[in-house]
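Dumping the structure here so I can ask a few things about it.
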Amino acid sequence: MDIKDYTVEELEVLAQKIRDRILATVSKNGGHLSSTMGATDLIVAMHKVFDVNKDPFIFDVSHQAYAHKLLTDRWETFDTLRQFGGISGYTKPKESSYDYYVAGHSSTSISLAVGAAKAIALKGEERIPVAFIGDGSMSAGMVYEALNELGDRKYPVVIILNDNEMSIAKPIGAISKLLSQTMAGSFYQKFKGKVEKVLDHFPEGATYMAKRFEESFKLITPGILFEEMGIEYIGPVDGHDISSLVETMEVAKQFGKPVIIHAQTTKGKGYEIAEGTKEHWHGVGAFDPETGKAYKKSSAKSATQIFSETLVSMADEDEKIVGVTAAMPSGTGLSAAMEKYPERFWDVAIAEQHAVTSMGPLAKEGFKPFCAIYSTFLQRGYDQVIHDIALMDLGVAFALDRAGIVGEDGETHQGVFDISYLRAIPNMTLLAPYNETTMKLAMAFAKEYDHPCAFRYPRGSFLAEDCQCPAFELGKSVLLQEGEEILFIGYGNGVGRAEQTAALLEKKVAILDLRFVKPLDETMLESLSKRYKQWYVFSDSAKRGGVGSAILEFLNGKGISDISLTSFEYDDAFITHGNTKLVEESLGLLPEQLAERVKN
Ligand SMILES: Cc1ncc(C[n+]2csc(CCOP(=O)(O)OP(=O)(O)O)c2C)c(N)n1
Ligand SMILES: CC(=O)[C@@H](O)[C@H](O)COP(=O)(O)O
Ligand SMILES: [Mg+2]
């Protein structure tokens with residue numbers, strides 16, 4: 001949509017139209033409502049001032065970029081948002097050439113903008129990278145790695161800081177507090193302008209004095225942080241006043257050096273029910289826009305809920321239990337323990353690397369840390385798991401939520417790689433529960449285990465029913481049923497899938513709850529290899545380096561060559577977004593499809 005000639009009034013009308021469309025669509029499909037509503041005016045102004053046909057528009061996380069989608073080539077298809085086969089909830093160059101980069105994990109935008117600026121400089125072109133980042137995403141280390149270089153090399157990059165004083169939950173930390181020092185900030189802006197005019201008429205000595213005076217004011221504004229790093233700071237500005245946003249961005253565009261525009265916005269702006277600091281509205285399922293009431297409430301207990309309740313009762317009994325989340329207190333369920341024991345459970349903001357490393361000394365000092373991180377986000381803390389936890393052989397337990405296909409978030413968020421990336425690490429133990437009881441038992445094992453371990457569980461509820469089960473013992477599996485010829489090996493939620501598939505077969509198959517993919521139950525596997533020759537592996541994980549790989553490595557190592565092993569894990573491709581069942585169907589992983597494959 002070309003809005004270059006729009007007047008401010010026309011832009012305001014357009015912003016309202018965009019918000020209406022977002023509300024209508026998200027209330028049907030679910031999605032990131034309050035982030036997108038709050039960012040709309042900024043994105044409209046960005047499209048008016050910069051040129052999306054040539055300037056790289058780089059959205060951090062990109063969950064807030066619905067207005068950008070609507071302003072480019074997705075007005076017609078917006079109804080399909082986050083649906084299987086429809087448009088993604090995030091920016092995605094494969095979906096549209098107007099999306100410069102893919103995102104979903106936070107705090108990459110400034111590094112990308114610096115990279116784009118380098119390429120533009122090398123090509124001798126005149127294009128300006130514009131990074132759009134939220135206040136919550138300013139906590140991660142990558143942001144400061146990028147600013148460190150940007151402030152030194154001075155590439156002409158414009159950073160739009162969308163400050164709604166919210167991450168998903170309340171933002172944590174000193175940076176967030178600094179960004180909130182805005183009363184002093186607006187005063188400082190006016191003061192600075194006046195001082196600079198006056199200084200032009202004074203001799204050197206007076207300039208020096210005034211400069212010191214000015215700096216003492218800057219100490220209490222967000223500007224100090226950026227200006228001392230060599231990045232110009234403009235702000236705070238009203239992130240809903242399109243007229244002044246356009247003016248400010250025009251100024252920033254002409255700077256020819258790095259500049260940050262600090263805009264204050266209201267999360268949820270335009271939908272009163274969601275406005276302000278209401279965490280629930282960050283990401284929602286379908287709801288009635290009149291009342292804000294959710295249409296569908298899941299009745300089954302989620303794996304997260306079981307983790308959350310079990311952790312609290314473990315913390316009740318043992319004061320050595322501690323825990324951490326990186327900006328996902330409600331998502332991981334750590335919030336319950338944080339509320340009850342705020343001195344032992346911490347949200348450290350979006351900072352997975354720090355979350356992991358900081359738990360090491362706690363384990364060393366005799367505490368039992370539970371590091372509750374989504375499978376996909378632990379990718380950020382990989383070196384920290386190796387270098388700061390496993391190398392020290394410390395008893396940190398990683399609770400990996402959202403393992404497997406996560407549904408509508410799609411490619412960027414699928415929790416499919418954790419087994420492959422953790423299995424290679426010495427000292428690491430990997431286990432998985434498959435229902436409520438085994439979750440409690442896996443956590444009881446993790447609590448007592450004095451080495452690094454990780455247990456994974458799915459988004460939503462487990463596939464399997466609850467049952468009576470024996471306690472977890474290191475490297476021990478449980479044979480759930482004997483059968484004829486065929487052995488189903490399930491890991492975590494894969495046990496439920498194996499059971500559902502087995503129920504569709506005429507022949508009775510054996511089912512093994514593997515429990516540990518590292519170390520494997522070699523004794524059991526060797527014994528089963530004598531009785532069963534067709535093995536099928538069920539696990540919600542990547543095939544490469546996954547559960548099937550681990551078992552094949554074992555069989556090969558033992559020289560057992562008469563087993564035919566088929567893995568029903570994920571093939572070597574990124575998995576798209578959409579309703580989980582539809583996505584699984586597209587991969588041929590529904591029990592009915594798996595049963596057919598076994599029969600054939
Ligand atoms: C590395 C990483 N950790 C955690 C998340 C989960 N996450 C997505 S958005 C978000 C909050 C971001 O806050 P902010 O940037 O201020 O955006 P807002 O929604 O407030 O506009 C979090 C924690 C993520 N996407 N990436
Ligand atoms: C944008 C982002 O990364 C989160 O908001 C994510 O969508 C949360 O996912 P869950 O809904 O699984 O907690
Ligand atoms: Mg925010």
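All values derive from a computational prediction rather than experimental measurement. Indexing begins at 1, ligand by ligand and atom by atom, following the structure's order. Below, all heavy atoms of this structure are taken into account, side chains as well, without hydrogens, waters or symmetry copies. Counting begins at 1 with the first residue of the sequence.
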Margin query: Check the orientation of His68 and Phe59. Use parallel for under 30°, tilted for 30 to 60°, and perpendicular for over 60°.
Written below: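 Ring orientation, 0 to 90° scale: tilted.
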
Item checked: Shortest non-hydrogen contact from Leu589 toward Arg497 -> O-NH1, 3.4 Å

Notebook entry, point to check: Would one find an N, O or S atom of Ser35, in either backbone or side chain, under 2.8 Å from the Mg ion (ligand 3)?
Noted result: no

Checklist line | is_close_aromatic(Phe462, Tyr434), centroid dist under 6.0 Å | finding: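 Not under 6.0 Å, so no.
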
Notebook entry, point to check: atom 13 (O) of ligand 2: which protein heavy atom is closest, and how many Å away?
Noted result: Tyr374 OH, 2.6 Å

Item checked: Subset of ligand 2 atoms that lie under 4.0 Å from at least one heavy atom of Ile168 -> 5 (O)

Item checked: Ring centroid separation Tyr341 to Trp346 under 6.0 Å -> no

Item checked: the Mg ion (ligand 3) to Asp135: nearest N/O/S atom name -> OD1

Checklist line | Per-atom contacts, ligand 1 versus Ala327 - under 4.0 Å to a heavy atom | finding: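 The atoms of ligand 1 under 4.0 Å from a heavy atom of Ala327 are 23 (C).
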
Margin query: What I want to find out is whether Asp79 reaches Arg21 closely enough, with some N-O distance under 4.0 Å, to be called a salt bridge.
Written below: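 Counted as a salt bridge, because a side-chain N and a carboxylate O are separated by less than 4.0 Å.
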
Checklist line | Nearest protein heavy atom with distance in Å, relative to atom 11 (C) of ligand 1 | finding: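 It is Ser167 OG, 3.3 Å.
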
Note to self: If the cut-off is 4.0 Å to any non-hydrogen atom of His282, which atoms of ligand 1 fall inside it?
What the structure shows: 9 (S), 19 (O)

Item checked: Gly104 heavy atom under 4.0 Å from ligand 1 ->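 It does, in that a heavy atom of Gly104 comes within the 4.0 Å cut-off of ligand 1.
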
Next item on the list: Consider ligand 1: state whether an atom of it lies below 4.0 angstrom from any non-hydrogen atom of Met166.
Entry: yes

Next item on the list: Check the pair His413 / His577 against ring-ring contact (aromatic ring centres under 6.0 Å, His included), numbers first and verdict last.
Entry: CA-CA 9 Å; His413 285 64; His577 61 271; over 10 Å; no

Note to self: On a heavy-atom basis, which atom in Arg380 and which in His105 lie closest, and how many Å separate them?
What the structure shows: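 Taking Arg380 first and His105 second, the nearest heavy atoms are NH2-CB, 3.9 Å.
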
Notebook entry, point to check: To which protein heavy atom is atom 4 (C) of ligand 2 closest, and what is the distance rounded to 0.1 Å?
Noted result: His32 NE2, 3.7 Å

Notebook entry, point to check: Which protein non-hydrogen atom lies closest to atom 21 (O) of ligand 1, naming both residue and atom, and how far is it?
Noted result: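 Here the nearest protein heavy atom works out to Asn164 ND2, 3.2 Å.
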
Next item on the list: Say whether Asp401 and Thr304, considering side chains only, have a donor N or O and an acceptor N or O under 3.5 Å apart.
Entry: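 The answer is yes; a qualifying pair exists.
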
Margin query: For the backbone of Pro93 and the side chain of Ser96, can you confirm whether one donor and one acceptor N or O come within less than 3.5 Å of each other?
Written below: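 Pair absent, no side-chain N/O of Ser96 close to backbone of Pro93.
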
Next item on the list: Have a look at ligand 1 and work out which part of Asp135, if any, has a heavy atom under 4.0 Å from it: side chain, backbone, both or neither.
Entry: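 Asp135 to ligand 1: contacts from backbone and side chain alike.
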
Margin query: Can you confirm whether the side chains of His63 and Tyr90 place a donor and an acceptor under 3.5 Å from each other?
Written below: no

Margin query: If I take every N, O or S atom of Ser167, is at least one of them less than 2.8 Å from the Mg ion (ligand 3)?
Written below: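 It does not; every qualifying atom lies at 2.8 Å or beyond.
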
Next item on the list: Check each heavy atom of Met138 against ligand 1 and say whether those closer than 4.0 Å belong to the side chain, the backbone, both or neither.
Entry: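 The answer is neither.
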
Next item on the list: Using only heavy-atom distances, determine whether the side chains of Thr91 and Asp99 contain a donor-acceptor pair under 3.5 Å.
Entry: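 No.
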
Check: Which residue and non-hydrogen atom of the protein lie closest to atom 7 (N) of ligand 1, and at what distance in Å?
Finding: Ile168 CD1, 3.8 Å

Next item on the list: Mark up the atoms of ligand 1 that fall under 4.0 Å of a heavy atom belonging to Lys267, in ascending order.
Entry: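 This gives 18 (P), 19 (O), 20 (O) as the contact atoms.
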
Check: Side chains of Tyr100 and Asp55: donor-acceptor distance under 3.5 Å anywhere?
Finding: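 The criterion, which ignores hydrogens and geometry beyond distance, is not satisfied for Asp55 and Tyr100.
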
Item checked: Centroid separation His47 to Phe57 less than 6.0 Å ->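 Yes - the distance between ring centres of His47 and Phe57 falls below the 6.0 Å cut-off.
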
Next item on the list: Pull out every atom of ligand 2 sitting under 4.0 Å from any heavy atom of His282, numbered as shown with elements.
Entry: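 Close to His282: 5 (O).
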
Item checked: Protein residue, atom and distance nearest to atom 5 (C) of ligand 1, heavy-atom basis -> Phe377 CZ, 3.3 Å

Note to self: Quick one, Leu587 and Ile575 - any side-chain contact, counting heavy atoms below 4.5 Å?
What the structure shows: yes

Next item on the list: Before signing off on this row, confirm whether Gly136 and ligand 1 have an N or O atom pair separated by under 3.5 Å.
Entry: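 Yes, Gly136 has an N/O under 3.5 Å of an N/O on ligand 1.
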
Next item on the list: Look at the side chain of Lys278 and the backbone N and O of Glu275, then say whether any donor-acceptor pair between them is shorter than 3.5 Å.
Entry: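 A pair under 3.5 Å: yes.
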
Item checked: Heavy-atom closest pair, residues Ile350 and Ser107 ->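 In this case the closest contact between Ile350 and Ser107 is CG2-OG, 4.4 Å.
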
Checklist line | Atom indices of ligand 2, in the order listed, that fall short of 4.0 Å to a heavy atom of Arg402 | finding: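 Selected atoms, number and element: 10 (P), 12 (O), 13 (O).
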
Item checked: Atoms of ligand 1 close to His105 [distance to a heavy atom under 4.0 angstrom, numbered from 1] ->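 In order of numbering, the contacting atoms are 25 (N), 26 (N).
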
Check: What protein heavy atom sits nearest atom 15 (O) of ligand 1, and how far off is it?
Finding: Ser137 OG, 2.6 Å

Note to self: With respect to His63, determine whether any N or O atom, backbone or side chain, lies less than 3.5 Å from an N or O atom of ligand 1.
What the structure shows: yes

Margin query: Under 4.0 Å from a heavy atom of Tyr90: which atoms of ligand 2 are those, numbered in the order shown and with their elements?
Written below: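 Those of ligand 2 that fall under 4.0 Å from Tyr90 are 1 (C), 2 (C), 7 (O).
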
Item checked: Per-atom contacts of ligand 1 with Arg380, taking only distances under 4.0 Å to non-hydrogen atoms ->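 With Arg380 as reference, the close atoms of ligand 1 come out as 1 (C).
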
Item checked: Residue portion contacting ligand 1 (non-hydrogen atoms closer than 4.0 Å) for His32 -> neither

Check: What atoms of ligand 1 come closer than 4.0 angstrom to any heavy atom of Ser35?
Finding: 18 (P), 19 (O), 21 (O)

Note to self: Under a 4.0 Å threshold between the charged nitrogen and the carboxylate oxygen, would Arg74 count as salt-bridged to Glu95?
What the structure shows: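 A salt bridge links Glu95 with Arg74.
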
Item checked: Atom indices of ligand 2, in the order listed, that fall short of 4.0 Å to a heavy atom of Phe377 ->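 So the atoms of ligand 2 that pass are 3 (O).
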
Next item on the list: Could you pull out the closest heavy-atom pair between Thr265 and Gly239, with the gap in Å?
Entry: CG2-CA, 3.7 Å

Next item on the list: For ligand 1, find out whether one of its N or O atoms is nearer than 3.5 Å to an N or O atom of Gln64.
Entry: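 No - when backbone and side-chain N and O of Gln64 are compared with those of ligand 1, no distance drops under 3.5 Å.
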
Notebook entry, point to check: What is the nearest protein non-hydrogen atom to atom 7 (O) of ligand 2, stated with its residue, atom name and distance?
Noted result: Asp409 OD2, 2.6 Å

Check: Can you find an N/O atom of Ser106 closer than 3.5 Å to an N/O atom of ligand 1?
Finding: yes

Item checked: Pair Thr277, Glu165: side-chain N/O donor-acceptor within cut-off below 3.5 Å -> no

Check: Which ligand 2 atoms are under 4.0 Å away from a heavy-atom of Val61?
Finding: 1 (C)

Notebook entry, point to check: Which residue holds the protein heavy atom closest to atom 3 (O) of ligand 2, what is that atom called, and what is the gap in Å?
Noted result: His413 NE2, 2.7 Å

Margin query: Which residue and atom name correspond to the protein heavy atom nearest atom 3 (N) of ligand 1, and how close is it?
Written below: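 Result for atom 3 (N) of ligand 1: Glu352 OE2, 2.6 Å.
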
Margin query: Among all the protein's non-hydrogen atoms, which is closest to atom 11 (O) of ligand 2, and how far away is it?
Written below: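 Nearest neighbour among protein heavy atoms for atom 11 (O) of ligand 2, to 0.1 Å: Arg459 NH2, 2.8 Å.
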
Check: Any side-chain heavy-atom pair from Leu430 and Tyr491 closer than 4.5 angstrom?
Finding: yes

